[in-house]
Protein chains: 2
Amino acid sequence: MKTNKLASVAEEAEAPPVGANARRSAATRARLVAAAIEILQRDGYAATTTVRVAQEAGVSRGAMLHQFPTRADLIIAVADHIVRTQDRARRRELRGVARGEARFTAITGVVWNTMQQPESMALLEIMLGSRSDPELSARFPAVMRDLERQLAAGPVEVGDDIGIGDHELIEAMTRLHLAAMRGLMIDRLFTNDDAKTQKAFELLVWYKSLIVDRMLGR
Amino acid sequence: MKTNKLASVAEEAEAPPVGANARRSAATRARLVAAAIEILQRDGYAATTTVRVAQEAGVSRGAMLHQFPTRADLIIAVADHIVRTQDRARRRELRGVARGEARFTAITGVVWNTMQQPESMALLEIMLGSRSDPELSARFPAVMRDLERQLAAGPVEVGDDIGIGDHELIEAMTRLHLAAMRGLMIDRLFTNDDAKTQKAFELLVWYKSLIVDRMLGR
DNA sequence: TACACTACAAGCAGTCTTGACTGTTTGTTT
DNA sequence: AAACAAACAGTCAAGACTGCTTGTAGTGTA
């Protein structure tokens, strides 16, 4: 039985590839993924064509097709990369925060921080764009389920720590807050006023503190 | 000086076209817009090609090109139609609610109701999809500004009525709530569990009631 | 060193999409 | 009713996008 690469990789940092060929492959793939993210967040899903990605990455079309036989393969790789990278970033950032209520509160800010990255806009573009492609709409939801599991696990665990045992409520809260942040990303595309976006986010944080007070009977 | 058609039309219902040609035009345009909305919400922006829209509408390509010379013209017409239609729907629904705190609370539900319509998903697709097209990204933001004005006006006015005079707070609240609802629309694409979406929305309503209590010193 | 394999390069074919063009039918006006 | 305008129908050409194919350089292993 072969080892399940995807399942194990989520926990620890990416293992650096060994061997010259493996390094070359990894470098090429990384450049393509980075270029795709850049174009996705800047120009959107429809503008993210294979030709433009290869150009932006400085990679020949042949090399690209060798690494990612189809466009769907590239998009899935991009999505998967974003999900895994951001999960690591969130864990790293949260590691410095003491367990208990401080961590429960901090989670919102940590997720918000990752939302500021261009990767988040790229992922959002894929979320909506993938619907137009039968192959992607078949493969992409699995990536989203991974993401949802990652995002739900933390709050539920920390909620238990501080005495909020209602998992359904915590899950709804996580869902709502994530939705609000995604919505604010979209909103920002048209308002172009970071102060307003920031104020809306701070309101969300205030909401959360009110609810925690209420849940803990204060 | 010519009358400004766009400015006046927002307030009252659409005037029915007079004359056979005008009726034919209006009918053709309506069918194309409806077909575009259907495809947008079902298959996404990239799949909404001019050929497919014409087919779905049962309209020849020639007729389509006569009514909407370019694809951007069609998309803008769709967005504009959605914004105006939903504004009327919200006003109509809100008309039956007494002024004061009841109306302030009701606004959230009314907006949520319009979010359930396929038109909202279509508009969301346009929001992200338009970024890929230079012409659309030039023309579309104006439509969004209209929408934002519509959505902000109500809460500010009703907020004054019930003694919440902090316009900036009301605006941030409106922005956050709208963002949350948009986010929940996206979330629903991948969770496929309306109960969870509903629970998250109810949490948002609870949030709002807590904040109102706090603002009114209760 | 010989050989197989991996990674890359570049051109090509088929398909799709958009917008333009020509001609026809239907409506309007005088 | 005659002349004009508007709406519609169907075809065509240019360009773009994806994926395939053939050929080349670099790498690993015996």
Side-chain angles (χ1 to χ4, degrees), chain A residues 16-33 35-36 39-40 43-78 125-126 129-130 132-139, chain B residues 16-33 35-36 39-40 43-78 125-126 129-130 132-139:
Chain A
V18 61
N21 263 348
R23 266 198 305 277
R24 267 212 304 175
S25 273
T28 302
R29 294 172 71 93
R31 275 159 65 188
L32 286 167
V33 167
I39 300 177
L40 276 169
D43 300 327
Y45 183 85
T48 308
T49 67
T50 56
V51 176
R52 286 194 61 181
V53 170
Q55 280 177 344
E56 174 100 12
V59 165
S60 76
R61 262 190 64 58
M64 172 178 221
L65 239 60
H66 179 71
Q67 299 294 346
F68 302 107
T70 74
R71 190 183 116 101
D73 291 324
L74 171 66
I75 299 292
I76 290 291
V78 168
E125 286 282 347
I126 296 177
S130 66
S132 300
D133 184 331
E135 188 179 344
L136 275 177
S137 45
R139 294 171 61 184
Chain B
V18 60
N21 262 347
R23 265 198 307 277
R24 261 206 315 172
S25 272
T28 302
R29 293 171 71 94
R31 274 158 67 186
L32 286 167
V33 167
I39 300 178
L40 276 169
D43 300 328
Y45 183 85
T48 308
T49 67
T50 56
V51 176
R52 286 194 60 184
V53 170
Q55 281 175 345
E56 175 100 13
V59 166
S60 76
R61 256 185 77 54
M64 172 179 221
L65 240 61
H66 178 72
Q67 298 294 345
F68 301 109
T70 73
R71 189 184 116 103
D73 291 325
L74 171 65
I75 300 293
I76 290 292
V78 168
E125 287 284 346
I126 296 177
S130 66
S132 300
D133 183 330
E135 188 180 343
L136 276 176
S137 46
R139 296 171 61 184

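Values reported hereafter were calculated over all heavy atoms of this structure, with side chains retained and with hydrogens, waters and symmetry mates removed. In the text below, chain A, chain B and the rest are named by the order of the sequence lines, each starting its count at 1.
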Starting at atom CZ of B:Arg23, determine the distance to atom C1' of D:dC8, rounded to an integer number of angstrom.
17 Å
Any donor-acceptor N or O pair under 3.5 Å, side chains B:Thr70, B:Asp73:
yes
Using atom types as modelled, flag every donor-acceptor pair under 3.5 Å from a side chain in residues 51-58 of chain B to any protein atom, sequence neighbours excluded.
{"from": "B:Arg52", "atom 1": "NH2", "to": "B:Asp43", "atom 2": "OD2", "distance (Å)": "2.9"}

Residues touching DNA chain D, which here means a heavy atom under 4.0 Å, drawn from residues 44-54 of chain B
none
Look at B:Ser60 and D:dC8 and indicate whether a side-chain polar atom (N or O) is within less than 4.0 Å of OP1 or OP2.
no
Rounded to the nearest Å, what distance is computed from the CZ atom of residue B:Arg24 to the P atom of nucleotide D:dA5?
17 Å
Euclidean distance, B:Arg24 CZ relative to B:Gln67 CD, rounded to 0.5 Å:
9.5 Å
Establish, yes or no, whether the cationic atom of B:Arg71 lies under 6.0 Å from the six-membered ring centre of B:Tyr45 and within 45° of the ring axis.
yes
In whole angstrom, give the distance that lies between atom CZ of B:Arg29 and atom P of D:dC8.
10 Å
Side-chain N or O of B:Thr28 less than 4.0 angstrom from OP1 or OP2 on D:dA7?
no
Decide yes or no on side-chain contact (heavy atoms from CB on, under 4.5 Å) for A:Phe68 and A:Val78, but give the supporting numbers first.
CA-CA 11 Å; A:Phe68 302 107; A:Val78 168; over 6 Å; no
Please report the shortest heavy-atom distance between A:Ser137 and A:Pro134, naming the atom on each side.
OG-O, 3.0 Å
Nearest-angstrom distance from the residue atom CD of A:Gln55 to P of D:dT18:
12 Å
The correct set of residues in residues 61-74 of chain B placing a heavy atom under 4.0 Å from DNA chain C is B:Arg61, B:Leu65, B:Thr70, B:Arg71
Separation between CZ of A:Arg139 and CD1 of A:Ile76, rounded to the nearest 0.5 Å:
5.0 Å
Considering the options B:Leu74, B:Ile39, B:Ile126, which one meets the side-chain contact (heavy atoms from CB on, under 4.5 Å) requirement together with B:Thr48?
B:Ile39
